[in-house]
Q: 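This is the structure I want to talk about, given as structure tokens.
Heavy atoms only: backbone and side chains are in, while hydrogens, waters and symmetry mates are out. Every value quoted in this text rests on a predicted model; they were computed, and no experiment measured them.
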Amino acid sequence: MKPCETMLCDVSPAIKQALERIDCGVPFTLRRGFARGSFSAPLVVWREWSNVSTDCPVVDAFSFEVTVLAEDMDQLQTLCQGVNEALIALGLRRSYASPDKFDGQNYTKTFRFGRKIDKRFLRLVDE
């Protein structure tokens, strides 16, 4: 077994499961990263934003970016609330929320959520 100092923690499965369980009344497509090709709203796109070592060899810091695309502002707000609740329920902290945007076709908002993780016990830790 590798020492935990060299371990790379992958919390992607937990993020995906939490986003898949969102039940906010708006059916949406979930994608990991923007795939090539066409897409249509409502859509929730997530990807790992960072996964870095810290000054403590057994603690890493990770964050995920989630972008929500919707057909109208009400749909955007509903989906954003679902995303926020799902990831905060995992124990993550929201570190960024973009302004609401409209690109002429879709309404969008981007979030970043993250936390530090103790690799010895796979537990989230405070700063």
Side-chain angles (χ1 to χ4, degrees):
M1 176 155 199
K2 292 181 181 180
C4 63
E5 291 86 355
T6 63
M7 205 170 96
L8 177 64
C9 290
D10 182 12
V11 296
S12 296
I15 301 296
K16 181 181 180 207
Q17 288 174 357
L19 294 172
E20 286 174 333
R21 288 192 299 258
I22 294 173
D23 184 18
C24 62
V26 176
F28 64 92
T29 302
L30 179 64
R31 284 194 177 175
R32 182 168 184 174
F34 280 104
R36 293 180 190 249
S38 64
F39 60 87
S40 61
L43 177 67
V44 175
V45 180
W46 64 282
R47 67 185 178 123
E48 185 175 65
W49 180 255
S50 70
N51 190 338
V52 297
S53 300
T54 65
D55 293 340
C56 180
V58 295
V59 175
D60 280 354
F62 66 88
S63 65
F64 283 81
E65 183 174 84
V66 180
T67 300
V68 178
L69 292 90
E71 297 166 340
D72 59 51
M73 187 56 77
D74 290 338
Q75 195 178 69
L76 181 70
Q77 291 174 338
T78 300
L79 284 169
C80 287
Q81 185 62 35
V83 166
N84 192 58
E85 289 173 0
L87 296 184
I88 287 177
L90 285 180
L92 303 183
R93 294 189 176 134
R94 189 179 60 252
S95 60
Y96 172 77
S98 73
D100 300 338
K101 298 176 190 170
F102 181 68
D103 66 8
Q105 185 174 1
N106 295 302
Y107 292 84
T108 64
K109 189 169 190 80
T110 299
F111 297 100
R112 288 192 196 114
F113 293 87
R115 195 82 188 265
K116 289 184 178 178
I117 188 167
D118 185 324
K119 298 185 287 186
R120 295 169 295 186
F121 311 108
L122 296 180
R123 289 189 189 148
L124 299 174
V125 295
D126 292 321
E127 303 193 34

Q: Does Ser98 offer a backbone N or O that forms a donor-acceptor pair with the side chain of Thr110 under 3.5 Å?
A: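 Looks like no, no N/O pair under 3.5 Å.
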Q: Can you tell me how far SG of Cys9 sits from NZ of Lys116, rounded to the nearest 0.5 angstrom?
A: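 Taking NZ in Lys116 and SG in Cys9, the distance rounds to 14.0 Å.
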Q: Quick one: CD1 on Ile117 to CG on Asp10, what's the gap to the nearest 0.5 Å?
A: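 Rounded to the nearest 0.5 Å, the CD1-CG separation comes to 10.0 Å.
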Q: Among Val45, Leu79, Val26, find the one that has a side-chain contact (heavy atoms from CB on, under 4.5 Å) with Val68.
A: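 Of Val45, Leu79, Val26, side-chain contact (heavy atoms from CB on, under 4.5 Å) with Val68 is met by Leu79 alone.
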Q: Can you measure from CD1 (Ile22) to CG (Asn84) and round to the nearest 0.5 angstrom?
A: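 So the gap between those two atoms works out to 9.5 Å.
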Q: Which residues satisfy the side-chain contact (heavy atoms from CB on, under 4.5 Å) test with Gln17, sequence neighbours excluded?
A: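 Gln17 satisfies side-chain contact (heavy atoms from CB on, under 4.5 Å) with Glu20, Arg21 once adjacent residues are dropped.
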Q: Run the side chain to side chain contact (heavy atoms under 4.5 Å, CB included) test on Arg32 and Ile15 for me, step by step, so that the C-alpha distance in whole Å, both residues' side-chain angles and the decisive distance to 0.1 Å come before the verdict.
A: CA-CA 10 Å; Arg32 182 168 184 174; Ile15 301 296; over 6 Å; no
Q: Output all residues satisfying side-chain contact (heavy atoms from CB on, under 4.5 Å) with Glu71, sequence neighbours left out; order by chain, then residue number.
A: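 Only Ala41, Pro42, Gln75 meet the side-chain contact (heavy atoms from CB on, under 4.5 Å) criterion with Glu71.
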Q: Looking at Asp103, I'd like to know if its CG atom is crowded, meaning that more than 12 non-hydrogen atoms belonging to other residues, nucleotides or ligands lie closer than 6.0 Å.
A: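 Yes.
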Q: Are the side chain of Asn106 and the backbone of Thr108 linked by a donor-acceptor contact shorter than 3.5 Å?
A: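 Checked: no pair found.
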Q: Let me see the working for Gln81 and Gln77 under side chain to side chain contact (heavy atoms under 4.5 Å, CB included), right down to the final yes or no.
A: CA-CA 6 Å; Gln81 185 62 35; Gln77 291 174 338; over 6 Å; no
Q: Tell me the closest heavy-atom pair linking Leu90 and Ala14, and the distance in Å.
A: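 Residues Leu90 and Ala14, closest heavy atoms: CD1-O, 3.7 Å.
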Q: Test: salt bridge (Lys or Arg N to Asp or Glu O under 4.0 Å). Region: residues 41-62. Which pairs qualify, not counting sequence neighbours?
A: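 Counting only pairs at least two positions apart or across chains, the salt bridge (Lys or Arg N to Asp or Glu O under 4.0 Å) contacts touching residues 41-62 are Arg47-Glu65, Asp60-Lys119.
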Q: Among all residues two or more places apart in sequence or in another chain, which pass the side-chain contact (heavy atoms from CB on, under 4.5 Å) test with Ser95?
A: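 With sequence neighbours excluded, Ser95 shows a side-chain contact (heavy atoms from CB on, under 4.5 Å) to Arg112, given in chain and number order.
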Q: Applying ring-ring contact (aromatic ring centres under 6.0 Å, His included) as the test, list every pair that has at least one member in residues 81-102; sequence neighbours left out.
A: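 Checked against ring-ring contact (aromatic ring centres under 6.0 Å, His included) - neighbours excluded - the pairs reaching residues 81-102 are Phe102-Tyr107.
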Q: Quick one: sort the Phe113 and Phe111 rings into parallel, tilted or perpendicular, breaks at 30° and 60°.
A: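 Taking Phe111 first and then Phe113, their aromatic rings sit tilted (interplane angle of 30° to 60°).
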Q: Check the pair Trp46 / Val83 against side chain to side chain contact (heavy atoms under 4.5 Å, CB included), numbers first and verdict last.
A: CA-CA 10 Å; Trp46 64 282; Val83 166; over 6 Å; no
Q: Using the side-chain contact (heavy atoms from CB on, under 4.5 Å) criterion, which residues pair with Asp100? Sequence neighbours excluded.
A: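 By the side-chain contact (heavy atoms from CB on, under 4.5 Å) rule, Asp100 matches Met73, Leu76, Lys109.
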Q: Do you know the tightest heavy-atom contact between Leu43 and Phe28?
A: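 The answer is N-CB, 4.4 Å.
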Q: Once rounded to the nearest 0.5 Å, what's the spacing between atom CG of Leu124 and atom CZ of Arg93?
A: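 Atom-to-atom, Leu124:CG and Arg93:CZ are 8.5 Å apart.
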Q: Nearest 0.5 Å please: distance from the CG atom of Asn51 over to the OG atom of Ser12.
A: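 Taking CG in Asn51 and OG in Ser12, the distance rounds to 8.5 Å.
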Q: Could you tell me if the side chain of Phe62 sits less than 4.5 Å from the side chain of Leu92, heavy atoms only?
A: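 Result yes, sub-4.5 Å side-chain heavy-atom pair found.
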Q: Any idea which heavy atoms bring Val66 and Val44 closest together, and the distance?
A: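 Between these two residues, the closest heavy atoms are CG1-CG1, 3.7 Å.
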Q: Can you find a pair of side-chain heavy atoms, one from Leu87 and one from Leu19, that are under 4.5 Å apart?
A: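 Yes, close enough: below the 4.5 Å cut-off.
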